Colleague: 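First, the structure itself, so that you have it in front of you.
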Amino acid sequence: MNRELRYEQDRVNLVMGTISKEIGKLETETARRKGEVIQIRRHFWDEVKVNTDTFDDYLETIIGLRQEAQALSVSEGSHRHASQRLKVLQRMKESPYFGRIDFTESGESAPESFYIGISSLTDEDGEDFLVYDWRAPVSSVYYDCQPGPAEYSTPGGAVHGQLDGKWQYLIRDGVLQSMFDTSLTIGDEILQEVLGKQSDKQMHSIVATIQQDQNRIIRHDHGRLLIVHGAAGSGKTSAALQRIAYLLYKYRDQLNADQIILFSPNTMFSSYVSNVLPELGEENMQQVTFQDYLEHRLGDEFDVETSYGQLESVLSMGDADAKSLRVQSIRFKSAVRFIEVIKSYSESLESSGMRFRDVTFRGRPIITAEQMAERFYSLDPALRVHNRLDKLKEWLLGELKNLQKAEWKKPWVQDEIELLSEDAYHKAHRYLAGKRGYTKEAVADYEMEPEALARLVVHQKMKPHRRKIREYQFVDYKAMYGQLFEEPSQIGRWTNGETPVEWGAICRMTTDVLKAGRLFHEDATPYLFLKELILGFQSNSSIRHVVIDEAQDYSPFQFEFLKRLFPSAKMTVLGDFNQAIYSHADGRTDFSALSGLYGPDQTEVVNLTRSYRSTRPIIEFTKKLIPHGENIIPFDRDGVWPSLEQVGDFEDLHSRIILKIHELRRQGHQSIAVICQSAAESLNAYRSLSGIDGLKLIKSGTGEYEQGTVVIPSYLSKGIEFDAVIIYNASRDVYGDESVRRLFYTACTRAMHILHLYSVGKTSPFLEEALQEGALQV
């Protein structure tokens, strides 16, 4: 084995030398290319003679501009490609490859070794591959096949042969630290080593540890919808990001990172995964939260409640009746049947119910909402609503033009002219002279007519009104959405009479909130959906792939909206209904509600049941917290059992947590989280523990994930892992209601190595099974 290790280290040295030489060449090339780009930009206009005197001169100018722009584009592209390759090679210098297969192609007598890394690398002559990209066709053998007969697909057809061996390498800074024969299992040995380490600031790539199910996710390439339902810590997000890297590589001539969008649960999570795609050799895709999108579309109209605001509101409600009312509202407005309500309601607006806003000028209505409604419903009823709105818009612009003609003679116009500044007067003079055909040199010869100036003043005054009409701001969407709730009984027309028990109270609550200029989170998507149905959907056809993480937190209504928003996109959906913490989940345990989104023939579901994040004792404990937890398979990594301490009061609680954090730090744990149920509880805990050096409070607006010791609400910890987790107060008072069971499970599954729970008074009933079976030390 020593001889083999020496051979492999010599090969690593060879590859590292090749990488260093290529880096040196590229550093020179990128510097040269950058200089070229700067030079072209600096002298762009020196090379173009602008002449528009005759058509031929104009044509020559256009051709010259196009040639210079093309030269600039070529230089910028070359510089960009060289820079990207340089970044990849610099990452490869840290670890040039992680795997190897020995494959004998049919018809050949001896095996060939293929070394696999984050990008391809050839020798200096460019003839032989030293490293194959992990996304290359031959690399699929490494992930998919056991020793024995094997094959892989290429554009030229399937290649058959024999897989003779499969190895994994751990290389750091050019030093081969270990290598494993993985002929029988895929990655378990190295996975143990990788997951046994402390958590880094960014979530690092686990390319070297892909299991077959994960590889199935990565290389899935048919149908419109891929659903990945996986246990906490099963590698859902890692596999999805590697899937994106694979698609960008496979379809590099047709797909780029700008055509892919990831919906993250929050901006902190986006920061947490930000390093993954670059580490895999690709540019980062667009990352947004659904809340960002809602704010972008509705923030000017309403104070829009966030999903976390909604959850915090439900968690902190002391009044059981008020809480029940809000939960009923959330569940009804998030369900598929409410989509049908909005669709049916929007269709009913074709015959009645459209609401408009007066168009006012100088404090008086010039076109009333009643006039607009009368005009709208006088148009051909065969036209759809958005077509009639287009015609109404043109009519309004015509009416505004007629009004403009009537206004210029009125006294207020002369008052406005007298108040014009000297600068504004000269601007008007130049503008009107240009309209009359005067050249810049001859502007002084133009004698401005008072009538022309008066008309210009009125035209400018009406400019904001024209813009609002062109943007359909004369349509009163808020009134039309509110109309749904004005008469509680009317909605029965579209629900077969099926409404929540407290529907009347829900209607009053919704109406009051709308009048106050606010929008509940559960109303935001339906409101936007109605608006889009009225105007015609503003879809984005440039996006080719949508990835939705923590998808169990999205309602069926939101999925339907996203499908319409991105009509050309395929969708990858990742989630775990054991972590479905929002009220709209309503007891759902899987993504069956999505089966009708694209149809069963366009949908594939992959279930990941093996969890890698936590030690076996932690997983054995968390399995006891949820129904059907026995289906979760722990990765065989030893550790200490989770522990529980009951305390008498909060003063005792805080002193014990402080001692525990000091102990965990002495043990070398880098990331420690004190997880509370809500933001309110987190703030109280943070204030009481503020004596701890370097303690940070994570809020819903926190933009970047920072390693260290943090106090964090349970719902913000989703998707993130910590070396050690302290559950702040696992008492019956905080975690006693069945509605927060999944929230409690989510908090506990954040721990990689250490999980310690405190309880002020009686413990949560969720812990009973674990205590009885010895899965929780007291």
Side-chain angles (χ1 to χ4, degrees), residues 40-73 357-367 371-372 375 379 386-387 389-475 535 538:
I40 294 173
R41 285 176 179 170
R42 186 176 293 157
H43 299 288
F44 186 93
W45 292 105
D46 297 347
E47 304 298 325
V48 179
K49 293 177 181 177
V50 179
N51 190 341
T52 59
D53 291 346
T54 68
F55 178 75
D56 287 343
D57 293 333
Y58 175 75
L59 192 59
E60 189 178 336
T61 299
I62 293 297
I63 291 169
L65 276 169
R66 189 169 291 171
Q67 286 173 341
E68 284 302 306
Q70 192 173 7
L72 177 60
S73 177
R357 292 190 178 98
D358 293 343
V359 176
T360 60
F361 183 68
R362 292 179 52 77
R364 63 185 176 86
I366 52 177
I367 307 166
Q371 287 173 302
M372 282 184 260
R375 179 79 184 183
L379 294 168
H386 65 269
N387 296 127
L389 285 177
D390 285 341
K391 289 187 174 294
L392 182 61
K393 176 185 72 174
E394 295 307 319
W395 176 74
L396 287 170
L397 290 171
E399 290 295 295
L400 217 58
K401 198 171 183 179
N402 294 333
L403 182 74
Q404 190 171 308
K405 292 175 184 175
E407 286 288 313
W408 71 268
K409 294 180 181 178
K410 294 188 177 177
W412 71 266
V413 180
Q414 197 56 44
D415 294 340
E416 289 285 337
I417 290 172
E418 289 172 5
L419 291 171
L420 284 175
S421 67
E422 190 175 341
D423 182 51
Y425 185 86
H426 286 306
K427 277 184 182 177
H429 181 262
R430 286 195 300 274
Y431 173 77
L432 290 170
K435 291 270 284 183
R436 291 288 187 181
Y438 284 77
T439 63
K440 287 181 182 178
E441 294 75 17
V443 166
D445 298 333
Y446 170 66
E447 229 177 277
M448 189 159 56
E449 301 156 358
E451 179 183 328
L453 181 58
R455 289 181 186 277
L456 180 61
V457 166
V458 176
H459 183 80
Q460 288 299 105
K461 277 287 179 184
M462 288 193 169
K463 189 175 180 180
H465 298 78
R466 288 193 297 276
R467 178 183 59 79
K468 288 178 181 178
I469 288 171
R470 288 192 181 101
E471 293 174 356
Y472 299 94
Q473 291 187 36
F474 58 87
V475 183
L535 279 182
Q538 297 182 39

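Numbers for residues simply follow the sequence, beginning at 1. All figures in this text were calculated on a predicted structure; none of them were measured in a lab.
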Colleague: Under a 4.5 Å cut-off applied to non-hydrogen side-chain atoms, are F474 and K393 in contact?
Modeller: yes
Colleague: Pick out which of K410, K405, K409 makes a salt bridge (Lys or Arg N to Asp or Glu O under 4.0 Å) with E407.
Modeller: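 Result for salt bridge (Lys or Arg N to Asp or Glu O under 4.0 Å) with E407: K410.
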Colleague: Does some side-chain heavy atom of L396 sit less than 4.5 Å from a side-chain heavy atom of R375?
Modeller: no
Colleague: Only one of T360, V359, D358 passes side chain to side chain contact (heavy atoms under 4.5 Å, CB included) with I366; say which it is.
Modeller: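 Only one of T360, V359, D358 forms a side chain to side chain contact (heavy atoms under 4.5 Å, CB included) with I366, namely V359.
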Colleague: Decide yes or no for I367 and M372: does some side-chain heavy atom of the first lie under 4.5 Å from some side-chain heavy atom of the second?
Modeller: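 SC-SC contact between I367 and M372 confirmed.
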Colleague: Among residues at least two apart in sequence or on other chains, which ones pass salt bridge (charged side-chain N to carboxylate O under 4.0 Å, His left out) with D415?
Modeller: none
Colleague: Anything under 3.5 Å between a donor and an acceptor, one on a side chain of residues 447-455, the other on a protein residue two or more places apart or in another chain? List them.
Modeller:
| unit_1 | atom_1 | unit_2 | atom_2 | d |
| --- | --- | --- | --- | --- |
| E449 | OE1 | R436 | NH2 | 3.1 |
| E451 | OE2 | R455 | NE | 3.2 |
| E451 | OE2 | R455 | NH2 | 3.1 |

Colleague: If you count heavy atoms of other groups shown closer than 6.0 angstrom to NZ of K461, is the number above 12?
Modeller: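 No, because the 6.0 Å sphere around NZ of K461 holds 12 heavy atoms or fewer from other groups.
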Colleague: Under 30°, 30 to 60°, or over 60°: which ring-plane class applies to Y446 and H429, parallel, tilted or perpendicular?
Modeller: tilted
Colleague: Closest approach of L400 and R466, non-hydrogen atoms and distance?
Modeller: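 So the minimum-distance heavy-atom pair works out to CD2-CG, 3.6 Å.
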Colleague: Just to verify, what does K401 make a side chain to side chain contact (heavy atoms under 4.5 Å, CB included) with, not counting sequence neighbours?
Modeller: none
Colleague: Should we say atom CD of E422 is surrounded by more than 12 heavy atoms from elsewhere, each under 6.0 Å from it?
Modeller: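 No, the 6.0 Å shell around CD holds no more than 12 heavy atoms from other groups.
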